[in-house]
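Scroll down for the structure; my scribbles are underneath it.
Naming convention: chains lettered A, B, ... in sequence-line order (proteins, then strands); numbering from 1 in each chain.
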Amino acid sequence: MWNVKKNSNIQKNLLAQLFKRVLLLYILILAQACTSFTADEEENGSAALSFNSLYSQIFEEKCLSCHNSSRKEGGVDLSSYDALMSSNVVVPYSSSSSTLFISVNSGNMPPTFTLSSDLKNLIAEWIDAGALETTDISKCSKPSVLLPRLTHFEYKNIIFDTLKEEIDLSELNTLPTLPPRYGFDNISNTNIDRVTAEAYINVAETVNDKILSSSVILNLCSASLIKDQHTWDNCGVKIIDYVGRRLYRRPLRFEEVNSYRSLFFATKIGALNAYGPSQDSDYSTFSKDFAEAVSAVLITELVSPNFLYKMEFFPEGFKSTEKAYSLASKLSLSLTSSYPDSELWALAANGKIQTESVLKTQISRLLNTYNSRFAHNFAGQWLGYKDNMSLGNDDLDGALARESDLLVQEILDDNSKLSQLMSPGYTFVNDLLANHYNLGSSPSDDVYTKISSSSRGGLLSLGHFLKKTSGVDKTKPVKRGIWVLDKILCRTLPPIDKATLEEIADVQTVIDPSASVIERMEIHRDNSKRCYSCHSQIDPIGLALENWDHLGQFRTNYSNGDPVIANLKFNGVLVSSPSQLAVSVQQSREYRNCVQKKLESYFIGSSPVQEPQCATQVTEDVPFKQLTSDTIFKFLKESL
Amino acid sequence: MSDYSRRLFLKHMGLQLTLPVLSNFYPLSSMAAATQRKNFIAVYFPNGSYFPTADGIGSWHWNDNTGVLYDLTQGADSVQNNVMILRKINAGRIDLDPHWHGPAAFLSGDLIDLSLENPKCGRTIDQMIADTKTTPIKSLEVGGPYFHIHPLADHPNYPDIYINRISWTDESTPRTPIIDPYVLFNYLFYGGSGSAEEIEYMINKKKSILDVVQVELARVSAKTSSEGKIAMQQYENGIREIELSLASTTTCTKPSLPTNNYENKDFNYIDRVQQFQKMIVFALKCDLTNVVSLMYGPGFSSELTYKWDIGFSSYEHHDCAHNGGNTSKINRLLAINKMQVGLLKHLLNLLKDNGLINDTLVYFASDMSNGDTHDITNIPTLLCGGGSDLKFGQEITFGSPQKHTQVLLSALSLLGVNKPSLGEDVMLATTNINSSIES
C-alpha cells in the first residue's frame, strides 16, 4: 500500500516538474518570438535607409535591365552596393549633388517611364541619411590595436614639464618625422629602425646635458654635497627616479631600478679608469665619474621603449597594478601631450581617477588649463597649421598659423558651438595681419588682438588655409574644394584611375586657357561624367571661396578685371560667397559628424572611413568643448 | 702518333685555321663579361626634367650649354667619361601617381599597395646587394632633406611613406634615410675627438646603454601581443646594427665635422648634399659599407625652393615641374636640374680622387621625365662609374622602350647578384641590358 501512495506522490511530482518545464519552454518561445518580431520590426523600420531596400523596391525591377554588371549603361551598375558606389553617381548626405537622384528627379531616368514621387523621395532620403549599405551596427569594426609612438611634440613637452622650463630642444628636429596616420602623428605606429634609433640616441645625449644642467635636477640632491660626495643613494637614484617616472608616466619598477643601478656602477668604474678620479664634469658640482654614471642611466631612460612608445595605449603595456597610472597617462597625453600633472598623478596614486565623476572633472580641468596645447596639437594637425607655429610673428605664415590657433583656443574657452567654428564673428590679428587683412589694428607683431568681423575668423576664411591651398600668384579653387571636402566634411573622393586620366587628358584639349575660371570649370564638369562626379562636389566650394585671393585677402575682381562670380549649389543651396558657404556647411550634420570623426581619429586612432553606419551621429549643434569631452570620456570609460 | 690519326690531326689543324677567321666576325671583347663592381650608389632626384615632347631629349643632354648635363663635360674635373646616358627607359604604371609610385618603385620595380593601414612596396636592389656584403654597416640610406607630408595625406589611398623612401628591406619595412649631416657623421664616426682610452670608454658606455635597452625591449616583448613584439623586434634589430657599426669606428680616418646650419631644410642645400657625399665616399673607402642610397629630395620636394643656393625664386621645385609651359618656371626647373647634376659631378670626382671610381657603380635617375604631365616614359637615367668594359662617355638610345627594372637587373649583375627577374606587373623584367651597355 505504501508503495502505491509513494508511486502516486512520485507521479505528481513528475507531473509538476513536467508542467513547470513546459511552462518555462513556452515562456522562452514567447520571448524569442517577441524578440524576433521586434528585430523584424526594427529591420523593417530601418530597411528604408539601407541599400537593400532601394534595391528590392526600385533597382531590381526598374533599373537592372540596363544598369547591371554586364551592361552598365552610362557606366552605372546598380547590381550591388559596391558597384553603385563605384559608379560615382551618389554623394552621401547630398542628394542634390548625386547624379542618381538628379537623373530620376528630372525624369531622365528611367527613360521609358517616371518613378513615383514616393520612390524618388526614398532615393533622396537614403542618400541624405548617408547612403548606407546597411544599418546593422553589430559588425562595426573596432580601431586596430597598435602601439603608437611618442611624438616630437609630446617628447618636448615632457622634458619641458620635467625641468619646469622651456629649454631649447631644436635637436628634436633631427629626429625622423613620424608619419601621420589619418592626419595625426600621435597615433602613428611607425617602428623604430636603425636610423631612428641612432637619432634618438643622439638627441638623448643632448637632452641629458640639459637635464643635468637644470636647477630642478640639481635641487634634488642636497646642496651640502660637494664633488666626489655624490653617490647612488644620496643623489643618483633621486635623479633617475624623478626623471624616469615622468618619462615613463608611471612609477619605476623594481627590476628597472636594479638594472639602472648596475649600469650606474659599471659606468662609474669605467669613467674612473678613463678619466681618473676627482675630475670636473660639465655640470657644476658633480664629478666626472658621477656625471657619466647618471648620464648613462638617463640616456637609457630617454631611449627606452617605455618612453618612446605609448605603452598605456596597448594591452598589457602597463601592469595591472599600474592601471590607474595608465588611465591618467592616456588622459594626459590626449589633452596635454605630456605626463600627468601633480593633481592627476595624485589621483592615479590613490586610485580615485578610476571613478567616473573624478574622470569627468579631470577632463574638464585639463581642457580648461591646457587648451592651448590641445588646440596646437589637435587642431594644428587637423587644419594643417601646426608646422608653421614655429615661425616668427613677423612671418606671414607664422602669424596666420597663430590666428588659427587662437581661434580654436577661444572657441574652447568660450564654450562655443561647432557652428561658431565656422562663423565666430571675430578673428585674431597682430600688426602684420591687421595690415594684411585691412582689419583693425594691433600694438605689435607679438601681440594678437581679438577683432570683430562678420566675414573673417571662421574655418573657411582663415588665411592659413586659403594661402596653403593656393599657388604662388593665384588661387586654386579645386585644391580648396578638395581641402574642405577632406578636412571639414570627411568626404573621400575616389582615386583617379586610368580611364579617368584619359578623360582628363581629352577634356583638357577642349578647355580654352584664356576662358574665365568659372567657364573653365564648367567645361570640365560638363564634358565628362567621371569629372562631374568629383567636380560637382569640389567646384561649388572652390568657387564660393574665390573672393579670398591667394594670400587670403578679400577681392571682388580678378587681376584681369573679371568679376569674381560663384553660382553653384552646395548641398542644394546656392553659395555665391564665402559666408554663404560657411552657413551652409555649419548647418550640415556632415560637418558635425566630421569634427566628431577627427576627434575620434585623434584620440583612439579610428579610421575616418569606418563603416558609415557605425559613425557617431552628432545630431545637434553642441559646443566644441563638450563634443571633445564626451568623445574622450567615451574612450577612457573602457579603462575604468 | 699512332693514337692520333692523321684524320684527327688534320681536323684539329682545320680548327686552328678556322678560329682566326671566325674571330673577325665576333670580337672577343664582346664575349667577355663586364668587371664586377664592389660598391653601389643609387641616387634619386624628384620631378624629372624638361621634356617638351615625349620620347625626345628635351634639356636632358650635354651637347651644348642648353643641356642640363653639359657641365659634366666641362672643366678639368670633367666626368664625361664616367657617365653613360640611357634613353627610352620607362618606369612605373600610368594610373599610379608617380610622385608616390616613382620613389617606391625606383629600386624595386614593385607596385605600391594603396592602403593607408598597411603601406607595402617591395624589397629593393640595394638590400639585395647588401645581403652579399659583410661590412659593419649593412647599407647606408641618406638624403631628404625633409619628410614630405602631402596635404592629402589622409586620403585613404596614398600614404606619405612612399614619397619619402627609396630603400625597402622587405615589402613592409622601408629604411629611413639620415637627413642631417651631423647625424650621419656621428653615425659613421662615433667618438669624436679624444684619446684612444676615452674613445674606447665612450664606445663601451654606449654598448652598455644599448644592452640595458635590449633587456627592456625583451621585457616589453614578453608581455605584449604580436603587434608589440614586432615593434620591439624592429627596434632591437636597429640596435644590433648600431652595435655592429660601433665595432669599426676606431680604425678609420675621419673627415672633418660639418660646420654649417642645416636646421632649415631649404638652407645650405648644396653644402648639405656635398657633406653627405664626402662622408659616403669615406664610408666606402673605409669599407664601413659598400651600398648607399641617396635622395636629393623627397618626391614632390614642394618645400624646396633652393633660393639660398641658386638665387631667389618664389617657385618651389614641384611647381616648376608642373610649369604648364611657363618660361620662368621652366628656366627655374633647368637651374634646379643643373644644380643637382652638378652634385652628381661632385660625387663622381670624390670617387675618382679616392680611387673608387672603377669599383663603384652609380645609378642616377628620376621618377618621371616630363613632370608637367607625370610622364613615366623616357625617364632621365644615367649609369656612372669607371672602366673601359662599359660604355661610359656614350649615349645609349634603345630602339624600343626598355623597363627601368632591366637597368636594375644589369646593376645587380654588375654587383655580383644574378637574379632571373625583377619587379611586377608592367615593370616585370626578365632580361637585363648588359649587351647594350658593355663595350
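- Listed by sequence position, B/Val212, B/Val213, B/Glu216, B/Leu217, B/Arg219, B/Val220, B/Lys223 are the residues of residues 211-223 of chain B in contact with chain A, using a 4.5 angstrom heavy-atom cutoff.
- Centroid-to-centroid, the aromatic rings of B/His99 and B/His150 stay 6.0 Å apart or farther.
- Contact annotation for A/Tyr260: only side-chain heavy atoms (C-beta onward) come within less than 4.5 Å of a heavy atom of chain B.
- Here the closest heavy-atom approach between residue B/His148 and residue B/Tyr146 is recorded as ND1-OH, 2.8 Å.
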Start with the C-alpha distance between B/Tyr187 and A/Arg194, add both sets of side-chain angles, then the distance that settles side chain to side chain donor-acceptor pair (under 3.5 Å), and finish with yes or no.
CA-CA 10 Å; B/Tyr187 178 68; A/Arg194 180 259 299 155; 3.0 Å; yes

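- Neither the backbone nor the side chain of B/Leu184 comes within contact range of chain A; no heavy atoms are under 4.5 Å apart.
- Salt-bridge formation is not detected for the pair B/Lys307/B/Asp266: no Lys NZ or Arg NE/NH1/NH2 atom is positioned less than 4.0 Å from an Asp or Glu carboxylate oxygen.
- Electrostatic pairing of A/Lys467 and A/Asp397 counts as a salt bridge here, judged by a charged N lying under 4.0 Å from a carboxylate O.
- In terms of heavy-atom pairs under 4.5 Å with chain B, the best-connected choice from A/Ala271, A/Ala197, A/Ser262 is A/Ala271.
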Go through B/Asp319 and B/Lys329 one step at a time and tell me if the salt bridge (charged side-chain N to carboxylate O under 4.0 Å, His left out) criterion holds.
CA-CA 7 Å; B/Asp319 216 14; B/Lys329 290 183 182 179; 3.6 Å; yes

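- Neither the backbone nor the side chain of A/Asn273 comes within contact range of chain B, judged by heavy atoms closer than 4.5 Å.
- Contact annotation for B/Ile161: only side-chain heavy atoms (C-beta onward) come within less than 4.5 Å of a heavy atom of chain A.
- Checking B/Thr305 against B/Arg332 by side-chain atom types alone, no donor-acceptor pair falls below 3.5 Å.
- Sorted by first then second residue, the side-chain hydrogen bond (donor to acceptor under 3.5 Å, both in side chains) pairs that include residues 291-301 of chain A, not counting sequence neighbours, are A/Asn208-A/Ser295, A/Glu292-B/Tyr201, A/Glu292-B/Lys205.
- Residues of residues 229-239 of chain B lying under 4.5 angstrom from chain A, judged on non-hydrogen atoms, are B/Ile230, B/Ala231, B/Met232, B/Gln234, B/Tyr235, B/Gly238 in numerical order.
- Residue A/Ala266 does not touch chain B at all, counting heavy-atom pairs closer than 4.5 Å.
- In this structure, A/Met311 and A/Asn306 approach most closely via the heavy-atom pair CG-OD1, 4.3 Å.
- Taking the six-membered ring wherever Trp is involved, the centroid distance between the rings of B/Trp100 and B/Phe300 falls below 6.0 Å.
- Within a 6.0 Å radius of NZ in A/Lys319, more than 12 heavy atoms belonging to other residues, nucleotides or ligands are found.
- For B/Asn204, no part lies under 4.5 angstrom from a heavy atom of chain A.
- Remark: B/Ala283 engages B/Leu140, B/Leu188, B/Leu288, B/Thr289 in a side-chain contact (heavy atoms from CB on, under 4.5 Å) (not counting sequence neighbours).
- The contact between A/Glu255 and chain B is made by backbone and side chain atoms together, counting heavy-atom distances below 4.5 Å.
- Side-chain contact between A/Ser326 and A/Arg250 is absent, with no heavy-atom pair separated by less than 4.5 Å.
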